[in-house]
2 protein chains.
Amino acid sequence: MIITKAGRRMFPAMRVKMTGLDPHQQYYIAMDIIPVDNKRYRYVYHSSKWMVAGNADSPVPPRVYIHPDSPASGETWMRQVVSFDKLKLTNNELDDQGHIILHSMHKYQPRVHIIRKECGEELSPVKVIPTGDGVRAFSFTETVFTTVTAYQNQQITRLKIDRNPFAKGFRDSGRNRMGLEALVESYAFWRPSLRTLTFEDIPGMTKQDGWNRILWWLLSFIKTDWKILTSYQQR
Amino acid sequence: MIITKAGRRMFPAMRVKMTGLDPHQQYYIAMDIIPVDNKRYRYVYHSSKWMVAGNADSPVPPRVYIHPDSPASGETWMRQVVSFDKLKLTNNELDDQGHIILHSMHKYQPRVHIIRKECGEELSPVKVIPTGDGVRAFSFTETVFTTVTAYQNQQITRLKIDRNPFAKGFRDSGRNRMGLEALVESYAFWRPSLRTLTFEDIPGMTKQDGWNRILWWLLSFIKTDWKILTSYQQR
DNA sequence: CACTTTACACCTAGGTGGTAAGAT
DNA sequence: ATCTTACCACCTAGGTGTAAAGTG
């Protein structure tokens with residue numbers, strides 16, 4: 001995932017569907033991003049792999065992205081897909097825009113928090129999320145990512161350009177972009193287990209959310225495990 | 001003020017500075033827009049005046065614009081200028097976007113509401129604002145406006161084009177737009193009392209807010225009281 | 001005739017990766 | 001060598017008044 005000084009969105013954005021909330025209870029929804037391990041990585045081109053390159057850098061100031069619809073009732077949260085598309089990542093440890101601060105070349109995993117609102121309680125974008133009875137956290141292994149300041153891998157770049165509307169200017173104008181269906185098929189050829197990851201298998205998941213999860217999966221798959229490509233135009 | 005089916009912003013937007021709130025108390029800030037009288041108007045070109053053209057149309061569904069930062073602490077509200085620039089007006093009585101519904105060719109006045117948040121209370125965009133001990137309403141006579149679907153008066157059009165960044169494409173490219181200082185001077189020549197309306201006279205008012213209030217004042221002045229111009233290119 | 005609606009060119013505002021220069 | 005930064009062209013998204021067509 002690209003991180004910049006000014007702050008950069010994640011793509012694709014995390015989108016989650018809530019169930020089982022108390023319709024009349026007020027909740028905050030928040031996201032933080034935690035290190036997957038204590039390592040720093042570098043990308044090795046000849047093997048197309050991320051490899052450990054030492055221990056993690058010193059911790060950064062903790063930040064929490066409070067979903068802008070917070071607080072809202074369980075009913076409101078459950079009626080919609082909750083999208084984190086406005087969340088931004090930065091590598092600026094002195095950031096004062098409330099963005100989430102991360103180290104480049106490290107592995108991270110987003111966490112979604114559901115926090116029951118007690119009267120008078122206050123949630124802060126710069127404090128660690130409290131733990132307790134009314135707080136639950138969820139994370140999804142397919143959303144693990146590696147931070148970079150420039151893409152290390154042409155396949156990641158291609159997926160981003162093909163799927164992110166804001167990168168349309170970089171698409172090959174010659175032919176239509178590859179549909180995600182076809183993309184999944186081609187990846188599945190090399191990695192049969194991916195065949196099972198279709199949204200039809202996940203009850204209650206909409207088509208759009210399904211594609212987002214598949215895309216997440218592809219991205220993490222390519223970053224950590226891609227074996228086909230041996231030459232890279234990009235450094 | 002222009003109203004459309006899809007919803008149109010007010011320009012200039014209302015911007016208010018809060019004082020005297022309890023820093024630790026939570027408040028909603030909201031706006032509604034109430035009829036100034038029970039009349040319908042038409043614009044008479046030869047006299048450059050809005051004139052009564054019958055009684056008001058039947059009432060529209062009541063709508064409230066809840067400021068998107070709501071709820072927030074008194075401290076938060078007082079730290080910033082509270083801007084209502086995302087509020088939209090519509091003439092569509094079946095609107096489902098939560099915009100404020102108004103009749104065209106009527107006179108209206110925005111009201112700002114400060115609502116102390118009690119635990120468990122809920123504020124709705126489609127309900128009338130409650131009255132009670134923790135609720136206060138403010139309105140400013142210089143923000144009275146007349147609704148239209150197309151401008152009736154070339155001077156209003158010119159002020160909007162000159163001051164609204166989104167209308168830059170319609171500005172005379174030949175000369176620089178008239179500074180608001182010069183604008184006020186020229187209007188004051190015909191209406192000496194306007195001279196007194198400068199932001200320096202209003203304690204605690206920032207320059208930017210001052211210009212906004214003067215602009216509001218100019219707009220209502222022109223609409224209701226302009227006597228200089230006798231010919232209109234625009235119908 | 002007196003308004004209202006629609007399609008449009010032209011803006012603001014801001015999200016993309018590319019590219020070349022900078023930093024260590 | 002390796003990673004980061006600043007600037008850029010090219011997009012999306014949406015706020016303007018205009019002009020012409022629509023409405024009753």
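Reminder, nothing fancy here: chain letters follow the sequence lines and each chain counts from 1.
Between A/Met105 and A/Lys5, it is A/Met105 whose nearest contact on DNA chain D lies nearer the 5' terminus. A residue-by-residue look at A/Pro165 and A/Ile3 shows that A/Ile3 has its nearest nucleotide of DNA chain D further toward the 5' end. In terms of position along DNA chain C, the nucleotide closest to B/Ser104 lies nearer the 5' end than the nucleotide closest to the other residue of the pair B/Ala167 and B/Ser104. Both A/Phe166 and B/Arg40 lie close to DNA chain C; mapped to their nearest nucleotides by heavy-atom distance, the more 5′-ward contact belongs to B/Arg40.
Side-chain contact between A/Asp69 and A/Trp77 is present, with heavy atoms from C-beta onward closer than 4.5 Å. With a 4.5 Å cut-off on side-chain heavy atoms, B/Asp57 and B/Arg40 count as touching.
Using a 4.0 Å heavy-atom cutoff across all strands shown, A/Arg8 reaches at least one base atom of the nucleic acid. No engagement by A/Thr4 is indicated, since no non-hydrogen atom pair under 4.0 Å with the nucleic acid exists. Backbone-only contact: A/Lys88 has heavy atoms under 4.0 Å from sugar-phosphate atoms and none from a base.
In this structure, B/Asp162 places its CG atom 14 Å from P of C/dT12, rounding to the nearest Å. In this structure, B/Arg42 atom CZ and C/dT4 atom P are separated by 14 Å, rounded to whole Å. Summarising the geometry, the separation between OH on B/Tyr43 and C1' on C/dC3 is reported as 16 Å, rounded to the nearest angstrom. Atom-to-atom, NE2 of A/His99 to C1' of C/dG14 comes out at 12 Å; the value is rounded to the nearest Å. The CZ-C1' distance, from B/Phe84 to D/dG15, rounds to 20 Å in whole Å. For B/Tyr45 and C/dC1, the OH to C1' distance is 10 Å, given to the nearest whole Å. Put simply, CG on A/Leu102 is 16 Å from C1' on D/dT4, counting in whole angstrom units. Rounded to whole angstrom, the span from the NE2 atom of A/His46 across to the C1' atom of D/dA1 amounts to 16 Å.
When each of D/dT12, D/dG17, C/dG18 is scored by its nearest atom to the side-chain atoms of A/Thr157, the top-ranked nucleotide is C/dG18. Counting only heavy atoms from C-beta on, A/Gln152 has its side chain closest to D/dC3 among D/dT4, C/dG17, D/dC3.
The distance from the CE atom of A/Met10 to the CD1 atom of A/Ile3 is 12.0 Å, given to the nearest 0.5 Å.
In this model, no donor atom of one side chain and acceptor atom of the other lie less than 3.5 Å apart for A/Asp32 and A/Tyr65. Side-chain N/O atoms of B/Asn55 and B/Lys39 include a donor and acceptor closer than 3.5 Å.
Close to D/dG17, at under 4.0 Å from its OP1 or OP2, lies no side-chain N or O of B/Arg158. Between A/Asn164 and D/dC11, a side-chain N or O to OP1/OP2 separation shorter than 4.0 Å is absent. Taking 4.0 angstrom as the limit, A/Thr149 places none of its side-chain polar atoms (N or O) nearer than this to OP1 or OP2 of D/dT5. Note on B/Asn91: every side-chain N or O is 4.0 Å or more away from OP1 and OP2 of C/dC3. OP1 or OP2 of D/dT12 has at least one side-chain nitrogen or oxygen of A/Lys168 nearer than 4.0 Å.
Ring pair B/Tyr41/B/Tyr43: centre-to-centre distance not below 6.0 Å.
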